[in-house]
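Below is one structure, written out as structure tokens; the observations come after it.
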Amino acid sequence: QDDLRLSSFDSARVADVCGYYYASLRRIGHVELFVSATPSQVRVIGFNTTNGISRDGEGVFEKIILRKQVTCVTRHIQ
């Protein structure tokens with residue numbers, strides 16, 4: 001199977017998966033669904049996440065995050 005990690009946001013599509021690397025875990029520790037991107041930001045849908053106030057998962061939120069926070073974008077369904 002081909003490596004589905006995308007090299008840039010230019011080829012990202014709605015529902016691709018954005019992964020976040022956590023150094024303390026030494027692995028991807030959280031994922032969210034890609035919605036769209038600008039040159040500096042990414043709009044995502046996060047599950048078991050928060051509105052940014054606490055670390056306890058409180059629900060499903062659409063969020064805007066900095067592009068540099070995303071470690072990788074992958075496509076799990078073709």
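Residues take their numbers from the sequence shown, with the count starting at 1. Bear in mind the structure is a predicted one, so any value in this text is a computation, not a measurement.
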TODO: Find the distance between OG1 (T49) and NE2 (H30) and round it off to the nearest 0.5 Å.
DONE: 4.5 Å
Task: Interatomic spacing from SG in C18 to CD in Q69 - rounded to 0.5 Å - done: 11.0 Å
- [ ] Search all heavy atoms of F34 against all heavy atoms of V44 and return the closest pair with its distance.
- [x] CA-CG1, 4.4 Å
Open item on the list: Please give the remaining members of the hydrophobic cluster of V31, linking ILVMFWY side chains under 4.5 Å, ordered by chain and number.
Closed with: V17, Y21, I28, L33, V35, I45, F47, V60
Task: Transitive ILVMFWY side-chain link V42 to V14, under 4.5 Å - done: no
- [ ] Using the rule that two of Ile, Leu, Val, Met, Phe, Trp, Tyr join whenever any of their side-chain heavy atoms come within less than 4.5 Å, decide whether Y22 and L66 are in one cluster.
- [x] no
Task: Approximate separation, where rounding is to 0.5 Å, of R43 CZ and E32 CD - done: 13.0 Å
Open item on the list: Determine whether a donor-acceptor pair (N or O, by modelled atom type, separation under 3.5 Å) exists between the side chain of R67 and the backbone of T38.
Closed with: yes
